[in-house]
Structure formats: structure tokens, C-alpha cells
Number of protein chains: 2
Amino acid sequence: MNTHTFRNWQSVQTEVLRRIHAREWKPGDLIPNEADLALEFGCARTTVNRALRAVAEAGALDRRRKAGTRVATQPVAKATLNIAVIRTEIEDRGQTYSYRLITRHDAVPPLAISSAMETSAGRPLLHVGALHSADGTPYAFEDRWIDPNVVPAASREGFETVSANEWLLKHAPYTHGEISFAATSATQEDAVLLQCPEGSALFTINRVTWDGGAAVTKVRLLFRLGHSMRAVL
Amino acid sequence: MNTHTFRNWQSVQTEVLRRIHAREWKPGDLIPNEADLALEFGCARTTVNRALRAVAEAGALDRRRKAGTRVATQPVAKATLNIAVIRTEIEDRGQTYSYRLITRHDAVPPLAISSAMETSAGRPLLHVGALHSADGTPYAFEDRWIDPNVVPAASREGFETVSANEWLLKHAPYTHGEISFAATSATQEDAVLLQCPEGSALFTINRVTWDGGAAVTKVRLLFRLGHSMRAVL
DNA sequence: TGATGTTTTATGTGCATACATATTATTTTT
DNA sequence: AAAAATAATATGTATGCACATAAAACATCA
């Protein structure tokens with residue numbers, strides 16, 4: 001049949017994807033093992049392994065030791081979002097970025113914040129509010145809590161010219177984090193800041209970043225109506 | 001100094017991440033080349049390569065042939081979203097899923113749709129509207145256009161019991177797609193369907209999937225207020 | 001029958017080696 | 001001095017081999 005040989009892992013990957021796509025290997029099907037495929041493709045098992053691993057990482061194959069490799073039944077689409085600094089996000093679109101600090105003070109956070117950050121309830125944290133604008137129009141409102149015990153340098157930073165969004169990325173390392181996206185209605189306060197009607201649908205990002213066991217910061221970003229976040233599948 | 005050897009790529013990866021995190025290798029820094037690291041870590045260059053490749057894929061390193069490997073200056077956070085079928089999304093939370101087809105007919109789509117799908121302006125497509133519910137309460141409204149030329153079988157499918165969301169994943173292969181997230185205000189029609197106040201902030205997903213050069217389907221998913229989409233960083 | 005141990009098997013990984021390839025750095029030529 | 005050819009170098013990848021590991025399949029025993 002196919003006398004052609006596949007000399008590199010990319011071409012093996014392409015062929016594997018083609019077979020999945022052409023339904024030669026149907027969802028749920030167990031595909032031949034690496035050794036057999038290597039024989040068929042005329043390459044080393046290592047090469048097949050590399051290709052199958054890549055396809056599996058992309059979500060189209062499920063692999064388990066001994067059980068073998070099968071075509072994913074629920075090809076859970078994996079979208080990789082690139083979350084950049086707001087300033088560069090705006091500048092990359094060719095718009096002019098401006099920034100305005102609104103509040104910056106130490107305060108005891110609401111319970112929702114202290115429990116999400118796993119800090120003791122009564123301990124004050126650094127609270128920063130700021131507005132990011134694109135071409136003069138409000139773009140996003142940043143509402144952030146920072147733990148000064150975790151990032152002592154933040155207490156000495158005014159955040160008057162550099163946003164916490166940007167400053168933290170540069171000065172506060174983190175090991176992991178959680179992010180969530182939602183739609184929220186603009187409160188009266190939000191509406192004033194973002195210069196939009198009260199009740200507007202705002203795209204909202206909530207993020208908590210951790211450095212090991214301690215929360216570094218929790219931020220809520222409110223984007224003006226019309227904002228959308230894109231990704232490829 | 002460190003007499004310890006790193007025998008596997010995961011431990012090398014951990015050590016590399018530690019150094020980046022501890023600022024031993026600062027953002028922008030050129031790190032030692034693979035051969036030197038292999039020597040230092042007491043393992044093969046292949047192993048170092050595997051580890052560095054993984055870290056680079058995660059976004060913390062930038063690698064270029066001959067130029068070497070350097071710590072990413074803009075650690076653009078990459079969040080990987082798992083977009084599942086709505087039914088399983090609901091069932092995985094232990095809720096009861098129900099589905100109701102609202103409309104299904106051939107129609108000439110608005111220009112916004114036909115141009116996004118790159119179909120000729122006047123050609124009718126299959127239009128499906130359906131409601132997904134969790135524990136009896138409306139959860140998401142699905143507004144979908146399907147190209148019957150690309151998925152002929154869809155014309156023979158009633159979508160009365162199986163949602164297009166689920167049916168397409170099983171029957172219509174795709175090569176790639178775009179997805180975007182936004183917040184929109186509920187129109188009166190949306191409000192009735194989702195049983196929420198008019199003007200409510202709805203989390204919205206817009207997705208177009210392609211099979212090679214042809215658009216398979218374009219879908220708009222409106223989620224009830226309160227819905228959020230999570231990911232880890 | 002059910003629990004427990006053993007074998008088998010497919011994937012996962014490490015290593016030495018060789019060569020490929022993209023870039024940068026250097027040298028030569030015009 | 002600019003352009004072109006050439007060398008040097010770090011990453012990228014293919015291969016054969018060996019062994020690790022998880023988990024299914026099977027056998028054994030109470």
C-alpha cells in the first residue's frame with residue numbers, strides 16, 4: 001500500500017492526525033502500538049513516541065501504559081490563552097496606553113478576599129485600584145489586593161506610573177495561579193470609572209497567583225463592554 | 001557546590017524552574033547551553049533538552065537555535081482552557097442535564113455570519129437554536145449555523161434529543177478553529193429563554209470551527225449570569 | 001468466590017551518538 | 001565599506017538500545 005516512509009516525527013504526527021480526521025481510526029478506537037507503527041512507518045519507535053505524545057498533548061489521543069493509545073472520544077478542545085500585560089495588549093493593537101491610579105491604601109479585605117487568598121481574616125492587605133485606558137477611553141478597571149508579607153517591596157511602591165499589573169509581573173515571582181472569566185453587571189461605581197451605563201455587561205477576569213503556599217495577589221479586572229478575548233483551537 | 005545529580009528530565013525541569021523563580025537566572029538572561037547543563041546536572045544532553053523544551057512550551061524560556069536559551073522577559077501567562085461538551089460539563093458537577101430544541105430550519109444567514117464562515121452571502125445554512133439546562137434551570141442558549149455542504153449528515157439529523165453541540169463533535173471532524181469570550185447584555189429574547197432579567201450580563205462564547213478551508217459551524221453560546229469559566233496558570 | 005500474587009505488555013524515559021538546521025560570527029571578496 | 005561566502009555553534013531531531021513503570025491479564029490460593 002503505502003511504501004512511503006515517514007522519516008521525522010512531524011510527518012508521523014501529520015499522518016496520525018490524517019487518520020484520525022479521515023476516521024480511519026475512529027473515536028474510541030485503540031490504535032496500533034508504537035512498535036508496530038514504527039515498523040509500518042519505517043522509523044524508530046522513539047520517533048513514533050514523540051509524534052504520539054505531541055498529538056496526545058493536543059488532546060486528540062488518550063494514552064495509558066499497557067492499556068495502549070486510543071483516539072479521544074471527547075476531543076476536549078484545548079484553547080491556550082495568552083494573558084499579557086494590559087499595557088502591551090493595548091500597544092500591540094497600535095493604541096496609546098494610559099494609566100491612572102485611583103486608590104492605594106492598606107485595608108482589611110472583605111472575607112471573600114481573605115478566604116480566597118487564605119490570609120487571616122483581620123489582617124490588612126494592600127489594596128490598589130487603577131484604570132487602564134486605550135486612546136483615552138477607559139479600557140479596564142483593576143481592583144487588586146496584594147499581601148505585603150509576601151511582596152514587601154510592594155509597600156514601598158507607589159503604583160503611580162507603573163501599574164500593579166505590570167510591576168508585580170516583574171517583581172513578584174509566582175509558582176501557580178487560578179484564573180476565571182465571567183460576565184458581570186456594572187455597578188454604579190464601575191459605570192462611573194469605565195464611563196459606561198450602569199448595568200452594562202462587563203467582561204471580568206478574576207485571578208489569584210500563588211508563590212508556593214502563600215497567595216501573592218488577587219485581582220479583579222473589569223473590561224468595558226465589547227471587549228473580547230480570543231484564542232485558537 | 002551541588003554534588004547532587006539530576007537523573008530524570010522532570011527533576012531537571014524542577015531545578016530550572018527553581019533557578020528562574022529564585023532569580024538566579026533573571027528575565028532576559030542567557031542560560032548555559034544544553035551541553036554545559038548536562039555536564040553540570042550529570043545527565044545526557046537529551047535529558048536537558050527534554051526539560052528545557054517543556055519549560056519553553058510552558059512559556060518561561062525562549063529558545064532559538066544558535067542564539068541559545070534565555071529566560072522569557074514577558075512571562076506571558078498561558079492558560080489552557082478545556083472546553084467540554086455542555087452536557088458533560090453539567091453532569092460532571094453532579095447536576096441533571098436536560099436539553100430542548102427550539103428552532104431548526106434552513107435560512108439565509110445574516111452577513112456577519114456568512115462572512116465569518118466565508119460562505120457566499122445568499123446561500124442558506126442550517127440554523128439551530130437550543131437550550132441546555134442544569135437541574136431544570138436554563139444554563140446556556142446555543143445559537144448555531146451549520147454549513148450543510150460541509151456536513152451533509154446534519155441535514156438529516158433532527159437535533160431533537162442530541163444537541164448540535166454534541167452531535168457535531170462526534171460526526172463533524174474539524175482541523176482548527178477560533179474561539180472568543182465576551183460579556184453581552186441579554187436581549188429580550190435571550191431573557192425569556194434563559195429566564196433572566198433583560199439586560200443581564202451574559203457570558204458569551206463565539207466559536208467557528210473549520211475543516212481545512214471550509215467553515216463547519218459557527219456557534220454563539222449564551223450562559224446565564226453567574227457562569228464562570230476557570231483555568232489554572 | 002474472592003483476595004492475592006505473578007506475568008505480560010505498552011508506554012515512558014535515559015543515554016550515546018550522529019547528523020540536521022538555523023543563526024550568528026567571521027572572513028573573504030568586490 | 002558593503003556584500004557575499006564561510007565557519008562556528010546551539011538547538012533540533014533520528015536511532016538503537018536498555019531499563020523503568022503502570023496496569024491489564026492471568027494464575028494461584030484461601
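All figures in this text were calculated on a predicted structure; none of them were measured in a lab. Hydrogens, waters and symmetry mates play no part in the numbers below; they use all other heavy atoms, side chains included. The sequence lines fix the lettering, A, B, ..., with proteins before strands; numbering per chain opens at 1.
In this structure, CZ of B:F6 is placed 13 Å from P of C:dG14, rounded to the nearest angstrom. Atoms CD1 (A:I31) and C1' (C:dT11) sit 12 Å apart, rounded to a whole Å. Following rounding to the nearest Å, A:E34 (CD) and D:dA14 (C1') show an atom-to-atom distance of 15 Å. Rounded to whole Å, the distance from CG on A:L52 to P on C:dT11 is 8 Å.
Electrostatic pairing of B:E142 and B:R220 does not count as a salt bridge here, judged by no charged N lying under 4.0 Å from a carboxylate O. A salt bridge links B:R19 to B:E40: at least one charged side-chain nitrogen sits closer than 4.0 Å to a carboxylate oxygen. One finds a salt bridge joining B:E34 and B:R63 here, because a Lys/Arg side-chain nitrogen approaches an Asp/Glu carboxylate oxygen to under 4.0 Å.
Contact annotation: A:T69 side-chain N/O to C:dT11 OP1/OP2 distance is under 4.0 Å. A sub-4.0 Å separation between OP1 or OP2 of D:dT13 and a side-chain N or O of B:T46 is absent. At the phosphate of D:dT11, neither OP1 nor OP2 sits under 4.0 Å from any side-chain N or O atom of B:N49. For B:R63, a side-chain nitrogen or oxygen approaches OP1 or OP2 of D:dG12 to under 4.0 Å. For the pair A:R64 and C:dA10, the criterion of a side-chain N or O lying under 4.0 Å from OP1 or OP2 is not met. One finds no side-chain N or O of A:Q10 lying less than 4.0 angstrom from the OP1 or OP2 phosphate oxygen of D:dG12.
In the set C:dC15, D:dA14, C:dA22, C:dA22 carries the atom at the smallest distance from any side-chain atom of B:R65. The side chain of A:R53 has C:dT13 as its nearest neighbour among D:dT15, C:dA18, C:dT13. You'll find that the side chain of B:K66 is closest to D:dA8, out of D:dT11, C:dT13, D:dA8.
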**Message:** Assess the residue pair B:R104 and B:E160 against the criterion (salt bridge (charged side-chain N to carboxylate O under 4.0 Å, His left out)); give the C-alpha distance rounded to whole Å, side-chain angles, the decisive distance to 0.1 Å, and a yes or no.
**Reply:** CA-CA 9 Å; B:R104 183 202 177 285; B:E160 268 131 21; over 6 Å; no
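If you check distances only, the side chain of B:R50 never reaches the base of C:dG12 with a donor-acceptor pair under 3.5 Å.
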